[in-house]
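Structure below; questions to follow.
This structure is a prediction, so every number in the text was calculated from the model and none was measured. All values below were derived from every heavy atom in this structure, side-chain atoms included, with hydrogens, water molecules and symmetry-related copies excluded.
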Amino acid sequence: MSWPYAHLLINHFPVVLSISALVVTLGALLLKHRGLWLTAMGTLTAAGFVIYPVFFTGNEADHALNDPWYIHPGIPSAGLFNDLHQE
């Protein structure tokens, strides 16, 4: 598994967990259940812990995409097809 793929796989977890925690927090405030409140805090804690692997894989994915294997240096891409369209 490559770094960009791993990052795309896990980068949505903190967002989804944070939104879920917000919904559960609102439910806990409306229903006044301590169990819901603890679930919301646990979900926010899990979202906080997931941020570290997301940041690490994002940093590695950035390095991997800045130097792709399929682009060879010294081959101009902008002027490659300009000769074909000149009359």
Ignoring hydrogens and angles, write down the donor-acceptor pairs under 3.5 Å from the side chains of residues 24-32, residues two or more places apart or on other chains.
unit_1, atom_1, unit_2, atom_2, d
T25, OG1, A21, O, 2.7

query: What residue pairs, at least two apart or across chains, pass side-chain hydrogen bond (donor to acceptor under 3.5 Å, both in side chains) with a residue in residues 33-43?
result: none
Report all side-chain donor-acceptor pairs from residues 44-61 shorter than 3.5 Å, counting only partners two or more places apart or in another chain.
unit_1, atom_1, unit_2, atom_2, d
T45, OG1, M41, O, 2.8
T57, OG1, H7, ND1, 3.2
T57, OG1, P53, O, 2.9
T57, OG1, V54, O, 3.1
N59, OD1, H63, NE2, 3.4

- request: Examine V16 and L22 and state if one hydrophobic cluster contains both, with Ile, Leu, Val, Met, Phe, Trp and Tyr joined whenever side-chain heavy atoms are less than 4.5 Å apart.
  value: no
- prompt: Got a second to check how far H12's NE2 is from I19's CD1, nearest 0.5 Å?
  reply: 10.5 Å
